[in-house]
Amino acid sequence: MPDFLAQLNPEQRAAVTLPEQHALILAGAGSGKTRVLTARIAWLLTTSKAAPHEIMAVTFTNKAAKEMRVRLSAMLPVNMHGMWIGTFHGLCNRFLRAHYREAGLPQSFQILDVSDQLSIIKRLLKSFNLDEEKFPPRELASFINAHKEEGCRAADAKAYDEHTKKRVAVFTEYEAQCQREGVVDFAELLLRTYEVLLRNEPLRKHYQARFRHILVDEFQDTNHLQYAWLKLLAGPRTASPETPGTPDSTEGQETGAAETPEGACLFAVGDDDQSIYAFRGADVGNMRDLEREFAIASVIRLEQNYRSFGNILDAANALIKNNHGRLGKNLWTASGAGEPISVLECVSDVDEAHCVVDEARKCIASGVPRSQIALLYRSNAQSRVLEHQLFSAGVSYRVYGGQRFFDRQEIRHALAYLRLIANPDDDTAFIRIVNFPTRGIGSKSLDALKDAALRANSSLYNTASSLAGQASAAVGNFIRLMERLRSETRDAPLPEAIERMIVQSGLKQHYLNEKEGRERLENLDELISAATAFLDEATPEENETAMDDPLASFLAHASLESGEHQADEKGDAVQLMTVHAAKGLEFDTVFITGLEEGLFPHENSKEKHEGLEEERRLMYVAITRARKRLYLTTAYTRMLHGQTRYCMPSSFLDEIPENLLRKSISAWAKTYGKSPERWNPSDLRPGVLNMTSALTLRKSKMEASGKTAAFLENKEVNGFRIGQNVTHAKFGPGVILSAEGYGSDARVQVKFSQSGPKWLSLAYANLTPA
DNA sequence: CTGCAGCGTTTTTTT
DNA sequence: AACGCTGCAG
């Protein structure tokens, strides 16, 4: 037996050596999912069941794809050329580059990122004379993306009311505009690929015959379009090609049909309990659908966990049991129970940060590497306080997330120059840089240019250059600058071309003049290094195109691998990230902070029933990141949006059995919590503005049976309750909508009939019952 | 055309 | 608290 099989447990081995058929592997957290995936490929290759070019492996992140490649090449000396390993978007990009004609795209089509997409939408709104208040661009963007992810074009979009009809009109024009500019957004990469395969039978047959094994990682995160795409590629024995989402009437008969020579075996690995991306279109339901539509006889469950001690797993299992409609799974471990889980109550977010950092330092002192300590939080805003305390304590740390390298302003400007060099029709790039650095082209000349372009049915760049004499001198200068850049960079090596562009465009001078420009200049230098690195270590699929058109493929790389660049680890540092960002990672010691009702679970997800379940899965992911030690922390008060919020402990804390926990209260909460009357301002820790109110909250918590700070719901506070009509000396009559805070610190939101809703402090507002 | 002041917003995020 | 965007004045 080869090594890669010998190292597996029986379930893992069963999965890896399944006969050539469709399979669904339910792989719990820490159960060796990636190992099974790679071992499966190794097994297919070494037993000659498939040649490298007959295998496709799809992931969601570049990191996961890279990991797979690395581990595979460590397992056997396989030539990975010809094997399609990559992200959904990366593989679709590869497909569209190869078949740009069939897809109706220009050869060097560019990929639109989120903010480019937004800027196109804003432009269209203006041309439609629609109000951004009534049609928020972000909302329109998700409207468009959501439709595309359901396989739905503007022409197919349903609209019964005027408002939606207008949104569809923008959608229609958006599609046309992208087509004119020769750009595609992320969803379009997938949809366009799907449509080409659907409509072009020879091409479809070719790929169906080519790929005999399709392996999918994190299947629970697929959206409907991705699933439909997989079905299409997997071949005719699955559902007939229909628009995704449409019920398929013939499928029942076809699933049972005899095996056809074309078509691939689908090997999907996923964990429904770790589905945390429904908010962006992922549908766990795809797992059930896969099981049914691909007639999967038995789902293999990987339940042995190699990561965490028993107490941690028990906590995770107990928590996730509260979700409904699970496929069902219970993690177990051969290692012992380990230490109990520490639950720590603190007075404030600042107090919490103090305690966490203190505890982390103890861990470091006892020999845990800093990089094995993770501080997790629900939302990015929470990192600030933690960072502050880490900094004061002199503990080195690293924050993940935040803005990515390719998302920085200076990089986006530089990339826009490159895009306009590669593709003059890219209006989005044109608008971004035509007056940056400022060169005297304001909104007036730009509007004139837009009008002319509209009349000529041509791109801004082409219009401007054909208008040579008539346009303003400044516009003419810009066109000449771009022409010069285009000719000078054509034959230069990529890094050198970028360097010239940075100088000649004036970007360099601009940032030299800027006070905070030094870091930006360093980033621009980094962009040049990134180009050098790209040429050196392009992935196989990138290499196919990198030869003929290095610039276009570098730009695609920049769009598709925006996160990769910040992954460089610098030294041994404590890791700070959101729970979402922690998915797929593991640490010896994990702190889950901010466990308060309204924050985690987040209040915005509590309206929908499924929202709370997704939050619970998020908590499940967070817990299962820990190998040896887990801390759960909660605070009575927290600064949010510049205001102190009064919090209740997260309901998730109640869902973990008491016997797994070791509860404690922070020194501050203990000392002052017992005798609030002894408090005085000098006792207060910086950042905690009103500790008395925090204490009052504790008291109220004992009294109140309900959760959250909406304490006024059934009872009066200071003589007021929600729904009550009141009068204010200045604003007149109104009604109380909601309330927060306690005692002297209580505030209420009053909707006044004349001036709308306002937040008022009960102590000062002097409201009178009406 | 440019620069600045004031306003509103604020979950999670990969590609 | 902090950032981005809009509107206004120079």
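Order of the sequence lines fixes the chain letters, A, B, ..., with proteins taken first and strands second; residue numbering starts at 1 for each chain.
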S.K.: Return the set of residues passing side chain to side chain contact (heavy atoms under 4.5 Å, CB included) with A/Glu613 (not counting sequence neighbours), or none when no residue passes.
M.R.: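 With sequence neighbours excluded, A/Glu613 shows a side chain to side chain contact (heavy atoms under 4.5 Å, CB included) to A/Asn323, A/His324, A/His609, A/Arg616, A/Arg617, given in chain and number order.
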S.K.: Please report, rounded to the nearest Å, how far the P atom of C/dA2 is from the CD atom of A/Glu387.
M.R.: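 Rounded to whole Å, this separation is 12 Å.
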S.K.: Check the distance between B/dT12's C1' and A/Phe600's CZ and give it to me in whole angstrom.
M.R.: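 Whole-Å distance recorded here is 10 Å.
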S.K.: By the 4.0 Å heavy-atom rule, please label A/Leu640 as base, sugar-phosphate, or nothing.
M.R.: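 Here A/Leu640 touches no strand at all.
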S.K.: Can you tell me if the side-chain N/O atoms of A/Thr578 get under 4.0 Å from OP1 or OP2 in B/dT13?
M.R.: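 Yes, within the criterion.
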S.K.: Could you state the atom-to-atom distance from CG of A/Leu446 to P of B/dT2 in whole Å?
M.R.: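 Taking atom P of B/dT2 as the reference, CG of A/Leu446 is at 12 Å.
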S.K.: Assuming nearest nucleotide by heavy-atom distance, tell me which of A/Leu618 and A/Arg439 is located more 5' along DNA chain B.
M.R.: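 Counting from the 5' end, the first nearest nucleotide belongs to A/Arg439.
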S.K.: Which heavy-atom pair separates A/Arg625 from A/Ala582 by the least distance, and what is that distance?
M.R.: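 So the two residues come closest at CD-O, 3.2 Å.
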S.K.: Quick one: is A/Arg280 getting a side-chain N or O under 4.0 Å of the B/dT15 phosphate, OP1 or OP2?
M.R.: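 A/Arg280 to B/dT15 OP1/OP2: no side-chain N or O under 4.0 Å.
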S.K.: Report all interatomic pairs (protein N or O, nucleotide N or O of nucleotides 4-6 of chain C) with separations under 3.5 Å.
M.R.:
none

S.K.: Take the protein atom CG of A/Asn145 and the nucleotide atom C1' of B/dT14, then report the distance between them rounded to whole Å.
M.R.: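 Distance, rounded to whole Å: 12 Å.
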S.K.: Which residue, A/Phe186 or A/Ser445, contacts DNA chain B at a nucleotide closer to its 5' end, judged by nearest heavy atom?
M.R.: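 Between the two, 5'-proximity favours A/Ser445.
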S.K.: Using 4.0 Å as the upper bound for N to carboxylate O, is an ion pair formed by A/Glu181 and A/Arg419?
M.R.: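 No, A/Arg419 and A/Glu181 are not salt-bridged.
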S.K.: Take atom CE of A/Met619 and atom P of B/dT12, then tell me their distance rounded to the nearest Å.
M.R.: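 Distance check: A/Met619 CE to B/dT12 P gives 18 Å.
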S.K.: Please verify the inter-ring angle class for A/Phe186 with A/His89; under 30° counts as parallel, over 60° as perpendicular, anything in between as tilted.
M.R.: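 Perpendicular, since the angle between the ring planes exceeds 60°.
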S.K.: To the nearest angstrom, how far is A/His388 atom NE2 from C/dA2 atom C1'?
M.R.: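 The distance from NE2 of A/His388 to C1' of C/dA2 comes to 16 Å, rounded to the nearest Å.
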S.K.: Answer yes or no: is there a side-chain heavy-atom contact under 4.5 Å between A/Glu615 and A/Phe652?
M.R.: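 Yes, close enough: below the 4.5 Å cut-off.
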S.K.: Compare all side-chain heavy atoms of A/Val58 with those of A/Phe219 and state whether any distance is below 4.5 angstrom.
M.R.: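 No, too far: nothing below the 4.5 Å cut-off.
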S.K.: Can you tell me if A/Ser651 and A/Glu597 form a side-chain donor-acceptor pair at under 3.5 Å?
M.R.: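 Yes, A/Glu597 and A/Ser651 have a side-chain donor paired with an acceptor closer than 3.5 Å.
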S.K.: Give A/Val579 one of three labels, base, sugar-phosphate or nothing, depending on what nucleic acid heavy atoms sit under 4.0 Å from its own.
M.R.: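 Nothing: the residue A/Val579, judged by heavy atoms under 4.0 Å, touches no strand.
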S.K.: Taking CZ from A/Phe406 and C1' from B/dT14, how many angstroms apart are they, rounded to a whole number?
M.R.: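 Going from CZ in A/Phe406 over to C1' in B/dT14 covers 15 Å.
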S.K.: Show, in sequence, the C-alpha distance, side-chain angles and deciding distance for A/Phe88 and A/Thr222, and conclude whether the side-chain contact (heavy atoms from CB on, under 4.5 Å) test is met.
M.R.: CA-CA 10 Å; A/Phe88 278 98; A/Thr222 52; 3.9 Å; yes
S.K.: Rounded to whole angstrom units, what separation is found between the CD atom of A/Gln110 and the P atom of B/dT15?
M.R.: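 From A/Gln110 CD to B/dT15 P: 18 Å.
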S.K.: Which of the following nucleotides, B/dT2, B/dT13, B/dT15, is nearest to the side chain of A/Tyr277?
M.R.: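 Looking only at heavy atoms from C-beta outward on A/Tyr277, the closest nucleotide is B/dT13.
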S.K.: Should A/Lys33 and A/Asp271 count as an ion pair when the cut-off is N to O under 4.0 Å?
M.R.: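 Looking at A/Lys33 and A/Asp271, the cut-off is not met.
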S.K.: With a non-hydrogen cut-off below 4.0 angstrom, is A/Phe88 in contact with a base, only sugar-phosphate, or nothing?
M.R.: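 Contact class for A/Phe88: none.
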S.K.: Quick one: label A/Asn435 by what it contacts on the DNA or RNA (base, sugar-phosphate, nothing), any heavy atom closer than 4.0 Å.
M.R.: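 The answer is sugar-phosphate, as A/Asn435 gets under 4.0 Å only of primed atoms, P, OP1 or OP2.
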S.K.: Please produce a list of atom pairs where a protein N or O lies less than 3.5 Å from an N or O of nucleotides 8-11 of chain B.
M.R.:
from: B/dT11; atom 1: O4'; to: A/His602; atom 2: NE2; distance (Å): 3.1
from: B/dT11; atom 1: O2; to: A/Arg378; atom 2: NH1; distance (Å): 2.9
from: B/dT11; atom 1: O2; to: A/Arg378; atom 2: NH2; distance (Å): 2.5

S.K.: Would you check if there is a donor-acceptor pair between the side chains of A/Ser392 and A/Gln389 at a distance under 3.5 Å?
M.R.: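 Side chains of A/Gln389 and A/Ser392: no pair found under 3.5 Å.
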